[in-house]
Amino acid sequence: MEQTILEISAQIRDIMVRNGKTVSTAESCTGGQIAALLTSVSGSSDYFQGGLTAYQNSVKTGFLGVSQQDIDTYDVVSRQVAEQMVRGACRMFGTDYALSSTGYAEGGNGTIPSGTIWIAWGSENDVHSRRLTDDNGRNENTRNAAESALRAFIDYIRKEP
């Protein structure tokens, strides 16, 4: 039976606290939903340092250090940008880990279709990412992305030494 997202949030808390680790978020299209899920359990202040909703490219480049050249070359909705957002959040908040999202929750851009969302997770030196492509409307797309990021992150930290 698949775990609920609340159970996953609690397990993330338990692993982070037990290992003395910290986490932050850098979100675009999910608008803070990843951070909300991480902080939905008691005790999250023991490991969650903060989150940045970086909706505008200038915030991604100015605060997170995302390369404008990569945005221009690959698009803001790309693996490269999502992974740079993780690294930038780790630096900005001084955390061991971070999670990020960037995507077209609806509308697309003519080249990249609606529902395309990149999520990324990891540490400054070990970042992983995944592209989501289901298009079930804005709210479902962002909810799915936030939950997918937590599911990927729990799998990642369970494997960490």
Side-chain angles (χ1 to χ4, degrees), residues 2 5 8-9 12 16 21-40 47-160:
E2 190 171 324
I5 202 65
I8 291 171
S9 294
I12 290 171
M16 299 296 283
K21 301 293 185 180
T22 56
V23 69
S24 58
T25 59
E27 302 180 62
S28 187
C29 67
T30 52
Q33 289 183 57
I34 298 170
L37 291 172
L38 286 169
T39 60
S40 66
Y47 70 94
F48 183 76
Q49 298 299 302
L52 176 68
T53 302
Y55 226 66
Q56 299 299 317
N57 291 349
S58 60
V59 175
K60 290 176 183 74
T61 59
F63 287 90
L64 297 171
V66 172
S67 161
Q68 182 64 52
Q69 182 176 353
D70 284 351
I71 291 173
D72 296 341
T73 302
Y74 302 107
D75 196 86
V76 70
V77 177
S78 63
R79 175 186 55 79
Q80 291 83 355
V81 170
E83 291 181 2
Q84 287 177 51
M85 290 172 70
V86 165
R87 290 183 192 97
C90 286
R91 286 189 303 269
M92 176 182 214
F93 291 100
T95 55
D96 299 297
Y97 305 110
L99 296 88
S100 74
S101 68
T102 182
Y104 293 116
E106 69 179 349
N109 72 349
T111 304
I112 299 173
S114 179
T116 302
I117 299 174
W118 279 92
I119 57 172
W121 61 93
S123 66
E124 190 172 354
N125 298 315
D126 184 34
V127 183
H128 303 268
S129 58
R130 179 178 305 142
R131 181 175 58 120
L132 308 174
T133 59
D134 289 344
D135 187 13
N136 298 302
R138 181 180 190 81
N139 292 335
E140 181 66 19
N141 292 345
T142 57
R143 184 195 62 76
N144 179 56
E147 290 185 5
S148 293
L150 259 65
R151 291 181 191 284
F153 184 63
I154 188 72
D155 288 344
Y156 173 75
I157 61 173
R158 280 180 178 147
K159 296 173 186 171
E160 283 286 282

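None of the values given here were measured: they were computed from a predicted structure.
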* Could you check W118 against R130 for side-chain contact (heavy atoms from CB on, under 4.5 Å), going step by step and ending with a plain yes or no? => CA-CA 6 Å; W118 279 92; R130 179 178 305 142; 5.7 Å; no

* Asked: Can you list the steps and then say if L132 with S148 is a side-chain contact (heavy atoms from CB on, under 4.5 Å)?
  -> CA-CA 9 Å; L132 308 174; S148 293; 4.0 Å; yes

* Kindly determine whether L99 and V23 satisfy side-chain contact (heavy atoms from CB on, under 4.5 Å), including the steps that lead there. => CA-CA 8 Å; L99 296 88; V23 69; 3.5 Å; yes

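Put simply, the side chain of S123 gets close to the backbone of D126: a donor and an acceptor are under 3.5 Å apart. N109 contributes a side-chain N or O that, together with a main-chain N or O of I112, makes up a donor-acceptor pair within less than 3.5 Å. Under a 3.5 Å cut-off, the side chain of S9 and the backbone N or O of L37 do form a donor-acceptor pair. Listed for the N144 side chain is no donor-acceptor partner under 3.5 Å among the backbone atoms of E140. In terms of modelled atom types and a separation under 3.5 Å, the side chain of E124 and the main chain of D96 share no donor-acceptor contact. At least one donor-acceptor pair under 3.5 Å links the side chain of T102 to the backbone N or O of V76.
What you find for A120 and A82 is that their closest heavy atoms are CB-O, 3.5 Å. Taking each heavy atom of A105 and S114 in turn, the nearest pair found is O-OG, 3.9 Å. Nearest heavy-atom pair across C90 and G122 is SG-O, 4.1 Å. Here the shortest heavy-atom pairing between F48 and S24 reads CE1-CA, 4.2 Å. When every heavy atom of Y47 is checked against every heavy atom of K21, the shortest pair comes out as CB-O, 3.4 Å.
In this structure, I8 CD1 and I154 CD1 are separated by 7.0 Å, a value rounded to the nearest 0.5 Å. In this structure, CD on Q84 lies 10.5 Å from OG1 on T61, to the nearest 0.5 angstrom. Atom CE of M85 and atom CG of L64 lie 6.0 Å apart (nearest 0.5 Å). We find the CZ-OG distance between R87 and S100 to be 10.0 Å, quoted to the nearest 0.5 Å. Expressed to the nearest 0.5 Å, how far CG of D135 lies from CG of N141 amounts to 5.0 Å. Between the CD1 atom of I34 and the CZ atom of F153 there is a distance of 11.0 Å, given to the nearest 0.5 Å.
More than 12 heavy atoms of other residues, nucleotides or ligands lie within 6.0 Å of CD in Q68, so this atom counts as buried by the packing criterion.
A salt bridge (charged side-chain N to carboxylate O under 4.0 Å, His left out) check over residues 52-71, counting only residues at least two apart or in different chains, returns nothing. Residues in residues 110-121 take part in no salt bridge (charged side-chain N to carboxylate O under 4.0 Å, His left out) pair, two or more places apart or across chains. Judged as a salt bridge (charged side-chain N to carboxylate O under 4.0 Å, His left out), the pairs with a partner in residues 104-120 (not counting sequence neighbours) are, in order, E106-R138.
A donor-acceptor contact closer than 3.5 angstrom links the side chains of Y104 and D75. Under the 3.5 Å distance criterion, with hydrogens and angles disregarded, no donor-acceptor pair is assigned to the side chains of T53 and E27. For the residue pair T22 and T95, no side-chain donor N or O sits within less than 3.5 Å of a side-chain acceptor on the partner.
Checking each of T142, T25, T30 against S101 for a side chain to side chain donor-acceptor pair (under 3.5 Å) leaves exactly one that passes, namely T30.
Ring planes of W121 and H128: parallel class, angle under 30° (limits at 30 and 60°).
Looking only at side-chain heavy atoms (C-beta outward), V86 and Y97 stay at 4.5 Å or farther from each other. Between I117 and V77 there is no side-chain heavy-atom pair separated by less than 4.5 Å. The shortest distance between side-chain heavy atoms of R79 and R131 does not fall below 4.5 Å. Here the side chains of L52 and F63 are in contact, with some heavy-atom distance below 4.5 Å.
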